[in-house]
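Naming convention: chains lettered A, B, ... in sequence-line order (proteins, then strands); numbering from 1 in each chain.
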2 protein chains.
Amino acid sequence: MSVDRPPATMTEIAAALGVSSATVSNALSGKGRVSAELSAKIRQAAEELGYVPSHAARALRTGRTGVIGLVLPDISNPLFPQIAQAIEQAAASAGFGVLIADSRGEIAQQTAAIGRLIERGVDGMIVVPRRGSRIADIGTPVAIIDSPSTPGNTVSSDHWDGGVQMGRHLASLGHRKVLLIAHSRESNVQNDRIGGLRAGLGKEVCCETLWVEDLEASKGAGCALGLSVRVADGFTGFAAVYDLLALRALTELQRDGIDVPLQASVSGFDDLVWSSVVMPPITTLRQDLATIAECAVEALGHAIADSEASAGDLIAARPDCEGVPMTLMVRQSTGPAAISVVSDAGNAREDGR
Amino acid sequence: MSVDRPPATMTEIAAALGVSSATVSNALSGKGRVSAELSAKIRQAAEELGYVPSHAARALRTGRTGVIGLVLPDISNPLFPQIAQAIEQAAASAGFGVLIADSRGEIAQQTAAIGRLIERGVDGMIVVPRRGSRIADIGTPVAIIDSPSTPGNTVSSDHWDGGVQMGRHLASLGHRKVLLIAHSRESNVQNDRIGGLRAGLGKEVCCETLWVEDLEASKGAGCALGLSVRVADGFTGFAAVYDLLALRALTELQRDGIDVPLQASVSGFDDLVWSSVVMPPITTLRQDLATIAECAVEALGHAIADSEASAGDLIAARPDCEGVPMTLMVRQSTGPAAISVVSDAGNAREDGR
DNA sequence: CCAAGGTGATTAATCGTTTAACCAACCATA
DNA sequence: TATGGTTGGTTAAACGATTAATCACCTTGG
């Protein structure tokens, strides 16, 4: 590998071949008019001299940095790695770099982070908004990954349908009394999932939603969810709205001596890394983050290209991939419902199996 | 908020005040000789006109982009969010942007990712290497976060000492037969932790290491660890080398009807988000990632500044913060050892409590 | 034979900052 | 009154790529 000779510039290539630097630029970008043979020679020379384009110079001249910003809410979200990975990959193959901005904490931080990105001259940004927050209209293309029910959303999983899938899965296992476990009422994603779950479970299933946020407000963060009481009450299914809550439910049930899935089923959303290695592995829904990332980057790319022409609209919209399907990962944390004392007689109606 | 008028340039400020652009530059950077009053006027004008420096132009002129790269191994590492967050924060307050590069998969990917970063013109990079991989000498300052025992390491937690702390904790609870659970023999971090644990547990404690990697090679990924057998064998402590393994151990034990911490204690490393919300919450060691990030960024900053002067050494080294202490988070997954059938009579000797 | 059009390349300006070099005052010292 | 040092500023040349404008030359059609 060539040692650290400072990389060649277009001017140097031009000088080496006795042509003008404009010709080199044209040949390499394929834009102007250059004869095929000269173009080939230039390309070869560029290769040999180890030409590396100067992003700084290009950015200065064209006003485009080739970098997009990635703004994530509360970075502690365990899904972050997968999102970041997917976006980085999609962006890289579209020729973009990804600058991260953490918007930990309050919404003000999110705004500040966005500001920093703009100052750095990103061409656009992808934002996974904090629940309940709206992105102000900044003078830069933005793609938003949130939920189909969020106005301005660009691309996201079909959380509702995911809920439906899980609901059907649980219903088909015979569960007739299910506790839905969510955290925040403000989250569109969580609301979608809850709605889907209810729809998927159907009318015959009795279900109730436990908002952990409310519970923690009175009993303190990390408090017990009191699930064994629910089991005693006849609940056999516990459908959490994301894996972290599912894990919390699972361990609490296990600690209280309740067997999962024999006595109670537990399900989650997102398929986080550990979901498959705990005992029992958690039944959950996997988001197709690769597709989402591709859509987001593509939409953003279009918006960036368009913003050159018409400086009008600023939010990239792409309706055709607003609801990327999630896939159900059935594992061992869900199983046939235990014989419930509460369940009524007519349980054979519409048996899904 | 001012709408989208293209931000003012130095030249415009200069024109507005009837001075030269060089003077504006000097006033704003505080470098050249400018009278105090003119300097103030320029600063004010800059403020009023909404001046935003062009990073691109500056980068072109100075050869510095003000951006550092962050290369992470296998992004699925659940610690990633916290690292990224800490680095981003430290970098932001040092005036750097952070470009991410995922090096998922093989070492080749890591090299490719590094290459992309270099092409983008990062001033330096922070690498959390894949276990067992060495970073080739690229022509850019690099700070490495790995383990004190890794040659070339720049800054990291004192994993060994963390192990010692946890070992002492378990020993003081009376555990005399402890299973150490690790994943890969190639990981310096894991080896350090194991070493520290053994040291902290002391001579009197019988301990054995379970390498999950080996186990999975024969029994498949995500297989059971067979811990209940160990409990029957007299093991009362299960010290995992990171929280994911601890969680795996915890759920497996619970599933098998073993009460944690009454019958067995479980501990981990890293204090991941969920460690505190599972039941029981996991006793673990928290890394001081803020400090590590600051050290890394600072070291990198020095290396970048120095690389200007002497283009000699390329790896940023900073011995004085190679072993950032970890703090023990005692929670409910560890408790006094159950009465062990195997433990010998003289168990009152050197009781730490 | 001349105007028109196409081809393949060059010239030179430009993006916004930084910085070395230069210059015009002004003050003090010899 | 020359000489030399400060002070406060200006000029102009970079940095490297892009691109509109221009040019020389060749072909073709009328």
Is there any protein nitrogen or oxygen under 3.5 Å from a nitrogen or oxygen in nucleotides 22-28 of chain D, and what are the pairs?
none

Considering every strand and a 4.0 Å limit on heavy-atom distances, what is the contact class for A/Ser20: base, sugar-phosphate, or nothing? base
Sub-4.5 Å side-chain heavy-atom contact between B/Leu300 and B/Phe96: no
Please tell me which of B/Ala57 and B/Ser39 maps to the more 5' nucleotide of DNA chain D, matching each residue to the nucleotide holding its nearest heavy atom. B/Ser39
Step by step, would you call A/Arg43 with A/Ser39 a side-chain hydrogen bond (donor to acceptor under 3.5 Å, both in side chains)? CA-CA 6 Å; A/Arg43 246 170 257 280; A/Ser39 178; 3.2 Å; yes
My understanding is that only residues two or more places apart in sequence, or in another chain, count here; which of them pass side-chain contact (heavy atoms from CB on, under 4.5 Å) with A/Thr65? A/Ala59, A/Val67, A/Asp123
Mind checking if A/Ser35 touches a base, just sugar-phosphate, or nothing, with heavy atoms under 4.0 Å? sugar-phosphate
Strand-adjacent residues in residues 22-31 of chain B, judged by heavy atoms under 4.0 Å from DNA chain D: B/Ala22, B/Thr23
Strictly by side-chain hydrogen bond (donor to acceptor under 3.5 Å, both in side chains), give each pair with a member in residues 19-28 of chain B just once, sequence neighbours left out. B/Ser20-B/Thr23
To the nearest 0.5 Å, tell me how far A/Ile100 CD1 sits from A/Glu88 CD. 11.0 Å
Start and end of the DNA chain C segment that chain B contacts, any atom under 4.0 Å from a heavy atom: C/dG16 to C/dT19
Give me the bend of the helix from C/dC1-D/dG30 to C/dA30-D/dT1, using the axes of the five pairs at each end, rounded to 10°. 60°
Atom pair CD1 (B/Ile145) and OG1 (B/Thr150), whose distance is rounded to the nearest 0.5 Å: 12.0 Å
